[in-house]
Asks: 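There's a structure below that I have some questions on.
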Amino acid sequence: MLKKWHLALFSVLLIALLAACGDDESSDNNSDSDGDITIKYWQYEFASKVNLMDELIEEFEEANPGIKVEQTTFPYDNYNEQVAAQVPAGKGPDVINLFYGWVPSYVDAGYLQPLPQEDFPHDQIEDEFFPLVEATKMDGEYWTIPTAVRTAALFYNKDLFEEAGLDPNSPPETWDELADYAVQLTKKNGDRIEQSGLAWEPAQQGHHWLRDGLTLQAGGQVLSDDRKNVLWGDSDAGLEAFEYWLSFPTDLGTSEQGFYTDDVTAFVTEKAAMNIDGSFRIGTLQNDAPDLNYAVAPMPGKDQKSTNASFWTNGITKDVEGEKLEASVKFLNFLTSEDVMERWLDATGELPAKEAVAMQDKYVADEIYGAFINSLPFANAHFFVDETKERDLVIDAANKVLLEGMDKEEAFNELVEKTQALYDDYWSDK
Amino acid sequence: MTNKTSTSNKQTKEQKVSLFQKIRGNHKHQQYLFVYICLLLPIIFFLGIRILPTLFTFNVGFRDWNLLSSGPHPFVGLENYVALIKDEVFIKSVVNTIVYIVFGVFGQLLFGIIVALLLHKINRFVGFFRVIYFIPYVTSIVAISWVFQWILMGNGVINDLLINLGLPPQPFLNSPDQAIYVIIGAMIWQAIGFQMVLFLAGLENIPQMLYEAADIDGATPWQKFWHVTVPLLNPTIVFSAVIGTINFIQVSFTQVMNMSVDGSGGPLNSTITVVVYIYQLAFRQFDLGLASAATVLLFLFILALTLFQMKVLTRKFDY
């Protein structure tokens with residue numbers, strides 16, 4: 001009797017295992033028993049965004065009976081892996097939140113569909129949104145649309161300013177002032193930096209600062225308007241920016257790569273007096289260092305003003321059609337509504353993507369957000385064909401100068417050449 | 001009771017016995033069936049999770065396969081392999097992997113044997129020391145990596161010490177020349193505990209009488225170690241070397257991701273390993289074709305290395 005019981009148990013287990021291996025078609029249905037349409041929304045795990053989105057989804061569902069939205073989140077570090085892993089299984093999202101720098105790869109792979117022009121007319125987007133959203137306009141189509149954008153600015157520690165005899169209410173505004181302040185704020189013991197005047201980390205925001213900040217400020221251009229040619233090295237401005245950028249860890253001796261592991265840690269622990277960072281860092285600072293006495297100023301400029309902008313943006317995946325597409329469009333329209341943009345700023349610290357919403361007096365005059373909002377009109381979001389590789393090229397160029405003693409001009413030329421090769425490769429099969 | 005039923009069954013229907021009835025009817029057969037079913041489940045799992053994906057990797061390696069596209073993945077022959085061989089970062093990662101294995105495995109074995117020999121000699125606090133040496137092995141690699149980063153950074157404890165001793169501060173993880181050895185050092189430190197356990201077991205298996213015989217012959221401690229301990233530890237050394245090598249190829253991922261300055265094998269790719277590069281190709285650049293080709297090369301590399309180790313390190317011995 002006992003043996004029969006065993007046999008039965010194992011047959012059940014075996015069947016269960018085989019069943020688990022088989023395709024589970026039923027869970028892939030578009031609508032559930034009530035005839036409701038369910039759309040799947042994916043974003044990365046960031047507590048304040050996830051919580052706000054839960055609230056927003058509830059409101060959206062109330063306003064649009066018959067549509068259900070299901071939110072799924074993944075940690076930032078393996079977001080791309082998770083998305084990629086679900087593609088072959090055909091279980092991906094309908095509406096997906098992506099970093100703008102990844103969008104070209106996703107478009108290239110045929111993962112997204114262009115936003116329907118009747119619902120998102122181009123002239124309306126270009127009229128209402130900041131021009132930087134054009135970074136995800138490709139082949140004459142807008143592929144994604146953001147709720148919010150972020151800009152980079154100068155974070156500085158007021159206490160350390162006072163300690164060094166600098167006025168905490170007049171932060172540096174030009175390249176020369178920034179260099180001068182950095183020197184004054186640096187404390188050294190022999191050759192060793194004990195307090196860094198300016199945190200300097202190419203792997204973090206440093207490469208954005210170089211590309212969208214310094215190069216444009218010096219009057220240069222990184223990419224041609226058709227996004228095919230790297231113009232970085234065409235004028236002297238590119239090299240000038242590169243040399244200025246590298247002067248902090250070299251000639252000025254105010255900065256060090258990996259100083260207290262990274263720029264954010266160094267700034268939070270008051271080991272670095274200034275840092276170039278994005279508006280998205282404010283939440284971190286409020287949580288991790290509530291007592292840090294800091295302020296934010298627009299990024300110091302030179303001949304022109306410019307700063308880096310970036311954004312997370314929403315697209316619709318390619319197989320969405322019919323009723324589901326209609327629902328997705330409705331959801332996207334809701335996410336890019338003015339009301340949601342305002343609440344997004346309050347909850348996450350990301351800035352409204354529409355000019356009319358962002359430039360309201362209450363935001364422009366805000367003590368913390370003011371500097372970021374005021375930078376929006378001259379903010380630039382570089383069009384990446386491959387964000388990881390372009391970042392690595394900048395890091396390598398810096399390391400060749402800093403660690404291998406390569407000539408700055410030679411390293412810069414190599415950087416330009418290798419970046420161009422990436423673009424040539426990208427456009428070769430278009 | 002089962003026995004009784006089955007025997008009575010057998011007696012009544014002895015003429016027409018199909019295989020099924022035979023199995024059902026015979027207690028011994030039933031037992032076998034039970035065992036085979038138990039063994040079958042892991043085999044199904046093993047086939048589905050290990051073997052089939054491995055074989056599939058070979059297929060993917062010959063295709064132009066973008067991870068994000070569900071569309072056709074055209075066959076491109078050896079193109080991925082050619083691209084890899086021309087790719088200087090891949091070559092660098094292979095060279096680095098060899099450096100990791102040669103220095104790392106050798107260091108692991110050496111320190112593992114030393115610690116095991118010392119622990120074998122003492123009689124007091126044995127448990128205490130074993131725990132101390134084993135703790136790093138069961139500690140999170142990520143935590144250890146970050147602690148090392150803090151200790152070794154420009155303003156870290158080690159550099160403070162160096163300066164106090166009048167020596168120049170070192171860049172450690174920020175230097176393309178030093179970083180890889182620093183990471184290997186951390187990996188060795190973490191693996192000593194595991195090797196120690198293996199070697200302690202090996203040492204305990206060596207009969208005491210051999211040492212007594214050597215004593216009578218007037219052997220020095222070094223002669224005893226070299227002519228008695230080492231040959232008899234040989235199976236343990238081979239096992240440790242093979243396991244250590246495979247383990248090193250695997251864990252060099254987590255350590256490198258967490259200890260290298262840019263989190264991806266820097267500075268200047270000086271610490272990148274094949275596994276880290278495969279990960280970058282697949283999940284940062286979405287090129288599954290290239291990543292699979294690299295995985296196949298890694299597979300062949302591990303296979304060749306293991307065969308080599310078995311051939312060279314295994315020697316017959318008897319007492």
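Letters A, B, ... mirror the listed sequences (proteins, then strands); counts begin at 1.
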Asks: What's the spacing between B:Q280 CD and A:T388 OG1 if we round to 0.5 Å?
Replies: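 With rounding to 0.5 Å, CD (B:Q280) is 8.0 Å from OG1 (A:T388).
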Asks: Between B:N159 and chain A, with a heavy-atom cut-off of 4.5 Å, which part of the residue counts as in contact: side chain, backbone, both or neither?
Replies: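 Both backbone and side chain of B:N159 come within 4.5 Å of chain A.
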Asks: Is the number of heavy atoms from other residues, nucleotides or ligands within 6.0 Å of CG (A:D191) greater than 12?
Replies: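 No - once you tally the heavy atoms of other residues, nucleotides and ligands closer than 6.0 Å, there are 12 at most.
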Asks: So for atom OH, which belongs to B:Y36, do other residues, nucleotides or ligands contribute more than 12 heavy atoms lying within a distance under 6.0 Å?
Replies: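 No, because the 6.0 Å sphere around OH of B:Y36 holds 12 heavy atoms or fewer from other groups.
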Asks: Please flag which part of A:K400 lies under 4.5 Å from any non-hydrogen atom of chain B: side chain, backbone, both or neither.
Replies: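 For A:K400, backbone and side chain are both near chain B.
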Asks: Within the distance-only criterion (no hydrogens, no angle test), does the side chain of B:N155 pair as donor or acceptor with the backbone N or O of A:I193 below 3.5 angstrom?
Replies: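 Confirmed, B:N155 side chain pairs with A:I193 backbone.
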Asks: To the nearest 0.5 Å, what is the distance between CZ (B:R284) and CD (A:E387)?
Replies: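 B:R284 CZ to A:E387 CD: 9.5 Å, rounded to 0.5 Å.
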Asks: Within this structure, what is the CZ-CG distance for the pair B:F286 and A:D108, rounded to the nearest 0.5 Å?
Replies: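 Going from the CZ atom of B:F286 to the CG atom of A:D108 covers 11.0 Å.
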Asks: Please tell me if the side chains of B:L268 and A:E404 come closer than 4.5 Å, counting only heavy atoms from C-beta onward.
Replies: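 Yes, close enough: below the 4.5 Å cut-off.
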Asks: Would you compute the distance between atom CZ of B:F283 and atom CG of A:N78 and round it to the nearest 0.5 angstrom?
Replies: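 The distance works out to 9.5 Å.
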Asks: Check whether A:N399 gets within reach of chain B through its side chain, its backbone, both or neither, counting any heavy atom under 4.5 Å.
Replies: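 Contact with chain B: backbone and side chain both.
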Asks: Tell me, yes or no, whether the heavy-atom count around B:E79 atom CD, taken from other residues, nucleotides or ligands under 6.0 Å, exceeds 12.
Replies: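 Check fails, neighbour count at 12 or below.
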Asks: Taking the side chain as C-beta and beyond, is there a heavy-atom pair between B:Y279 and A:E81 under 4.5 Å?
Replies: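 B:Y279 reaches A:E81 side chain to side chain.
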Asks: Under a 4.5 Å heavy-atom cut-off, does chain B meet the side chain of A:A203, its backbone, both or neither?
Replies: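 Contact with chain B is through the side chain of A:A203 alone.
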Asks: How long is the straight-line distance from CG of A:D396 back to CG of B:N269, given to the nearest 0.5 Å?
Replies: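 Rounded to the nearest 0.5 Å, the CG-CG separation comes to 5.5 Å.
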Asks: Quick check on the interface: out of B:N66, B:D177, B:D160, who has the most heavy-atom pairs with chain A under 4.5 Å?
Replies: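 Among B:N66, B:D177, B:D160, the one with the most close pairs to chain A is B:D160.
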Asks: What part of B:L288 lies closer than 4.5 angstrom to a heavy atom of chain A: side chain, backbone, both or neither?
Replies: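 Neither part.
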Asks: In Å, rounded to the nearest 0.5 Å, how long is the span from CD of B:Q149 to OG1 of A:T265?
Replies: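 B:Q149 atom CD to A:T265 atom OG1 measures 9.0 Å (nearest 0.5 Å).
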Asks: Please look at A:Y106 and chain B and tell me whether the side chain, the backbone, both or neither of the residue comes under 4.5 angstrom of a heavy atom of that chain.
Replies: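 Interface part for A:Y106: both.
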Asks: Hey, does the side chain of A:R192 reach the backbone of B:G154 with a donor-acceptor pair shorter than 3.5 angstrom?
Replies: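 Yes, because the side chain of A:R192 sits within donor-acceptor range (under 3.5 Å) of the backbone of B:G154.
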